[in-house]
Amino acid sequence: MFSIIQDLEKYLGTSTVYQDAVVEIGNCCMDPEQEYKDIKELLDLNKQIKDISVVYKRDSLRWEEDDKVFLETHNFPEMLNQVRNQPYVTFVGAPGSGKTATARHIALKLQKEGYEICPVKEINKIEDYCNRNIPQVFFIDDVLGIFGLNEHELHMINKYSERLKEPINPKTKTLMTCREAVFKNEKISECILVKPENVVNLQSRENSLNDDDKQNLLQKYKLDINLLSSKNLASSSRMFPFLCKLYSNKKELKSYGPTFFLSPVPCIIKEMNSLKIHNKHQYASLVLLMVNGNRLSENILNNETDGTNENQKRHNLFVEMKRNILRKCKVSSTTESFDLIDALLQMEGTYTMKSDNEFTFIHDSMFEIIAYHFGNIFPELILKYASSDYIANYIKIDHNNSRKRKIEINCEDYEFSEKNHENDAIIDLCIYLDESQFQLLAERLFRDVQNGEYYNVFGNKALKSSSLLQHFIAVLEKESYDNLYRLLLSEADDSNGWNSKPKNVSVQDMKNLPLKRNANLCLMDETSICSWTSCRRCVRGIAWIMNPYVENNVACFVSVAILVI
């Protein structure tokens, strides 16, 4: 064709317009729609890469500032060598033990050796940002969840395990942190993260802080190195690094002396009692920060909406939540947003920290303490506004009706002494409900079912209580058959949220986890088990109830109730 057109153009004596057109046809995309999608995807990826650079530049100053008081403990050289010898390492420890600080310190050291730091929130982002031309160090905080094991994150780890073990650039590292309680969950026993050579346990015999480390930490924070006796040093809280930071920034805590390092939770709770009475704006702003998922800014408080139905719905919910929280904290509902932001600013460095214009808690432990303190006084608001993950992991049934929580919250008569440092274990920061509150919990669990949080509901240990279960069944009985059929019996293709939302368990990823293979099959409709690739995959809500691999065996009770309905 090109040859013929070339001869014609010579005969016509014209330019090479038609020859150029033939060349274009030979190279152009035959599917313009797909080409548009590919270009858009590349542009989006480029924007994401620029965004992560902005995020790190924003956070790097805070990292470097926090790193000024980091202490390389007696076994730090061994931890660093372990990172150098492995493609990925998970730092495990109790809240406040220094997991995040240690991982970030090592990342900053590697940066001086030519590494590029890439903080990401999810393991799959490594594929988006990896660079074969330069060594990188990826950092993921709380890789398996904060409040408890996040099933979705576990499946993602297994799905992308090869990327962790064999990064595109052989020198690239991935540093992760995980709470000790989450790491002990038996469901991760087959996960690659638990391999001993890839774990730095800060509570192990080798890595635990010795007395010299603790005294050096006190000195780093410009505290009296003789504040604690040798006996007190040995029995101090595992949150010691975080406590040093808190103690150095909050002068009110100094009145507790050594007791703060032995039994910090009751001390902080007592401070919250005082804050609730004497500085209501500060207390209310902390509660709002907690119920809003550990992020708050003036823009969020003003809660401007673009007018879409979904955003308008969120706006209305936030306005209602803010009004109810302020009323319970005895703060005027007309309080200006800048007053609440100013209250958070006054606590910066002690209970809160600021990044750009957004506030978060200085540590996850503060989130839990505020939720515990407020939730024990007003459990109905925690049940209404807290996340599904928090409800699943921190709301418990008070089987003994002991009312112990009332004693713990009203700490005015608490005897703070060295003898009582064991009380940190007693105050587990869970909210215990008595039978009068079971109806509220049952209604909340049903709302979570409506939102697709099947695992957090039917895997909730609270449903082992026969009394709560009866309340839950009563809630089901009030619903129409059509509604229950839609939620529990109708088929839902896994493309409609089952495999795309982090809050839900990923059906597609389940097959990557041998321990959950049978659970995965239980979630599949009979017509979809024929082949992983050729058949439509669909699930039904009732599969979670009937699933023998879900921890709670409530199947017979709830199933009978549904059949009766």
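FYI, side chains are in, hydrogens and waters are out, and symmetry mates aren't considered; it's all heavy atoms of this structure.
Every side-chain contact (heavy atoms from CB on, under 4.5 Å) that T100 has, sequence neighbours left out, goes to R104, F139, D141, T177. Checked against side-chain hydrogen bond (donor to acceptor under 3.5 Å, both in side chains), K165 has the following partners two or more places apart in sequence or in another chain: E162. The ring-ring contact (aromatic ring centres under 6.0 Å, His included) search around Y385 returns none, not counting sequence neighbours. Among residues two or more places apart in sequence or in another chain, the side-chain contact (heavy atoms from CB on, under 4.5 Å) test is passed with I325 by V287, L288, V291, M321, C329, F374, L381. Checked against side-chain hydrogen bond (donor to acceptor under 3.5 Å, both in side chains), T73 has no partners two or more places apart in sequence or in another chain. In this structure, K254 has no salt bridge (Lys or Arg N to Asp or Glu O under 4.0 Å) partners at least two apart in sequence or on a different chain. Partners of S365 under the side-chain hydrogen bond (donor to acceptor under 3.5 Å, both in side chains) rule, at least two apart in sequence or in another chain, are H363. Applying the salt bridge (Lys or Arg N to Asp or Glu O under 4.0 Å) rule to E298 yields no partners; only residues at least two apart in sequence or on another chain are considered. In this structure E252 satisfies the salt bridge (Lys or Arg N to Asp or Glu O under 4.0 Å) test together with K250, sequence neighbours excluded. The salt bridge (Lys or Arg N to Asp or Glu O under 4.0 Å) check on K384 picks up E320, with sequence neighbours excluded. For E65, the side-chain hydrogen bond (donor to acceptor under 3.5 Å, both in side chains) test picks out K68, with sequence neighbours left out.
Side-chain N/O atoms of N207 and S204 include a donor and acceptor closer than 3.5 Å. Side-chain atoms of E197 and Q82 include no donor-acceptor pair closer than 3.5 Å.
Residues in residues 197-241 take part in these ring pair (Phe, Tyr, Trp, His ring centres under 6.0 Å) pairs, two or more places apart or across chains: F240-F261.
Under 4.0 Å is where a charged nitrogen must lie from a carboxylate oxygen, and between E271 and K276 no such pair does. Between E358 and R295 there is a salt bridge, since a side-chain N of the basic residue sits under 4.0 Å from a carboxylate O of the acidic one. Salt bridge R179/E368: present, at least one basic N to carboxylate O contact under 4.0 Å.
Heavy-atom minimum distance, G145 versus V182: O-CG2, 4.0 Å. Nearest approach of T102 to F76, heavy atoms of both residues: CG2-CE1, 4.4 Å.
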Exercise for review: List the steps and the verdict of side-chain contact (heavy atoms from CB on, under 4.5 Å) for F70 and K220.
Suggested key: CA-CA 8 Å; F70 182 83; K220 273 274 186 183; over 6 Å; no
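Within a 6.0 Å sphere centred on NZ of K354, other residues, nucleotides and ligands contribute more than 12 heavy atoms.
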